[in-house]
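Let me begin by presenting the structure, written as structure tokens, before commenting on it.
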Protein chains: 2
Amino acid sequence: MAIEMTENSAALIDLDHLRRSCGSCALHELCLPAGINGSDLDQLDATVHDKRALDRGKALFRQGESFHALYVVRSGSLKSFVESPGGDLQVLGFHLPGEIVGVDGLTKDHHLCSAEALERTSICELPYLQLQQVTSEVPALQRQLMRVISREMVAEQSHMVMMGKQQAQERLAIFLHSLSDRYGRLSRDPTVLTLSMSRYDIANYLGLVVETVSRLFSRMEAAGVLKVNRKAVRVLRPDLLAEMCGTHVAASFRNAIG
Amino acid sequence: MAIEMTENSAALIDLDHLRRSCGSCALHELCLPAGINGSDLDQLDATVHDKRALDRGKALFRQGESFHALYVVRSGSLKSFVESPGGDLQVLGFHLPGEIVGVDGLTKDHHLCSAEALERTSICELPYLQLQQVTSEVPALQRQLMRVISREMVAEQSHMVMMGKQQAQERLAIFLHSLSDRYGRLSRDPTVLTLSMSRYDIANYLGLVVETVSRLFSRMEAAGVLKVNRKAVRVLRPDLLAEMCGTHVAASFRNAIG
DNA sequence: ACCGGCGATTGACCGAGATCAACTCGACGC
DNA sequence: GCGTCGAGTTGATCTCGGTCAATCGCCGGT
């Protein structure tokens, strides 16, 4: 996968590469409209502080830690989740390259959920104080940051709708469809999915148990919609998959947020 | 109820009253730290443009309408919801006095959900352009606005957790407990709840059906936790109610965002 | 005051998905 | 190569909450 090569080149990143990288980023709207392009990318490179690399299972931040930055996934993937004192946990979302995490920390100066790498993952760190500085200098950027945050919020609403109304099969279909969509936006083949998260994580995220998810994968494979081989899932019939998302609120709502 | 009297005095509102009103408001953190107090309240009164009054069932804004302001409930209550083309709808939340609505509109210049009055309700309107003006002049306010938005987001996460993991009875318990909490913050008796929303709305919000909600009210009344009389619910045993919220993630998470 | 209608409650039954349990498969270490 | 371990799959059974249906009771209109 082409995206993988960004991982170990973090230190010796060239501007052209950075530019391509930021083009598919949730925050590129935050940079490009402000005229940050070409030679200004040095400056952007300076603002985006720490391009960390995380191994599988390593935490980007943990619930309760103090908040000081927003993060954007550069390559790899993350899951975010909350855990109760009893060790019980709830997966809140999965985050692909270009997506933002850490917004939960804006409320109280400390994070209310944890974020963890699902595979080797590299990250852009946007120190909040500096970001605030930049956005206050360019009011349009403030608005754009709002958009990004609000989009996260709406995505959550959409997930909530799904949890409330959708059948198990519709949930998995919506999950896969969403993943496929996001692959498309990253210019990756939207029919070849690599599920970096475990079946347990998927089940937890969808409000189901692992057995149900497993059965659904089998059923959807039997129906000719998917070809499933452990973490490798090929979408054979995108049309059927879309159909399986149902005509209910969650599906149309999810489409609306583009 | 004392809170009711704010409704018809919107036009001839006095500063002292405004001040008391804003004290329990989600945005009071947004006003007070900026030194807006005492005589400056005239100015605040000018920024908070339109103090509309809505009758039961009337929309504050509708899905698809263009976005131009955030709103804060002054008295009464709202529900927010999305509706699919098929007429199917999903309730996203209920909003009591002091709570903010309309944040969903920041993403795309138009609202992605609708908000509707559950009873006669008065509203503070904060035109976004003006608000943006004020926050750009005072950077600390920008941060505070972020906090408020982020808090909304975290509340949504908490609801999501509930939808994913909680049993039906725990869901209703959490809903009532949350309502009770918010009553407390408004200096209303947290044991005397007035459910302005229908059983259908509650069920929809909790991802249940109306019959289940009805049975749960009966069961909780039989258990001596509640006294239920249509829309009037008295919490007889707050301790038991809290216990029924379960020791799972949603409950502890919800406490954390308090 | 009476009636009509809708919201709410209660009961009987059913089914989707959870639970419990057995088994398979691939990865990794020695 | 072999054994172990954990993730994933598959099957059998159970249960919670959804569905269908009947009834109640409050509220608003005439």
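For the numbers below, each heavy atom of this structure counts, side chains included, while hydrogens, waters and symmetry mates do not. Chain identifiers are assigned alphabetically (A, B, ...) following the order of the sequence lines, protein sequences preceding nucleic acid strands; residue numbering begins at 1 within each chain.
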Among D/dG11, C/dA8, D/dG8, the one nearest A/Ser198 by side-chain distance: D/dG8
Main chain of B/Val91, side chain of B/Asp201: is a donor-acceptor contact present, judged purely on distance under 3.5 Å? no
Look at the side chain of A/Arg230 and decide which nucleotide, out of C/dG26, C/dA18, D/dT19, has an atom nearest to it. C/dG26
With the side chain defined as heavy atoms from C-beta on, B/Ser214 is closest, among D/dG18, D/dT10, C/dA8, to C/dA8
Rounded to whole angstroms, how far apart are CZ on A/Arg199 and P on C/dG17? 18 Å
Is the shortest heavy-atom distance from the side chain of B/Val235 to the side chain of B/Tyr183 under 4.5 Å? no
Would you say the side chain of A/His177 lies within less than 4.5 Å of the side chain of A/Ile174, judging by non-hydrogen atoms? no
Please determine if a side-chain N or O atom of B/Lys231 lies less than 4.0 Å away from the OP1 or OP2 oxygen of C/dG7. no
Flag yes if more than 12 heavy atoms outside A/Arg56 fall under 6.0 Å of its CZ atom; otherwise flag no. no
Write down the distance between NZ (B/Lys165) and P (C/dG17), rounded to a whole number of angstrom. 16 Å
Rounding to a whole Å, what distance do you find between A/Asn204:CG and C/dA18:C1'? 14 Å
To the nearest Å, how far apart are A/Leu208 CG and C/dT19 C1'? 14 Å
Does the base of C/dG11 carry an N or O that pairs as donor and acceptor with the side chain of B/Arg215 under 3.5 Å? yes
For the residue pair A/Tyr71 and A/His111, categorise the inter-ring angle as parallel (less than 30°), tilted (30 to 60°) or perpendicular (more than 60°). tilted
Quick check for you: among D/dG8, D/dG18, C/dA18, whose closest atom lies nearest to any side-chain atom of A/Thr212? C/dA18
Spell out yes or no: do the side chain of B/Arg219 and the base of C/dT9 have one donor N/O and one acceptor N/O closer than 3.5 Å? no
Length of the CD-C1' vector between B/Glu170 and D/dG17, whole Å: 14 Å
Give a yes/no answer on whether the side chain of A/Gln167 brings an N or O atom under 4.0 Å of OP1 or OP2 in C/dA16. no
Take B/Gly207 and A/Ser218, find for each the nucleotide of DNA chain D with the closest heavy atom, and name the residue whose nucleotide sits nearer the 5' end. A/Ser218
Let me know the distance between CG of A/Asp201 and P of D/dA7, rounded to the nearest Å. 10 Å
If I take atom CZ in residue A/Phe217 and atom P in nucleotide C/dC25, what distance separates them, rounded to the nearest angstrom? 19 Å
Counting only distance, no hydrogens or angles, is the base of D/dC20 paired donor-acceptor with the side chain of B/Glu211 under 3.5 Å? yes
Using atom CD of B/Gln169 as one end and atom P of D/dC16 as the other, report the distance to the nearest whole Å. 11 Å
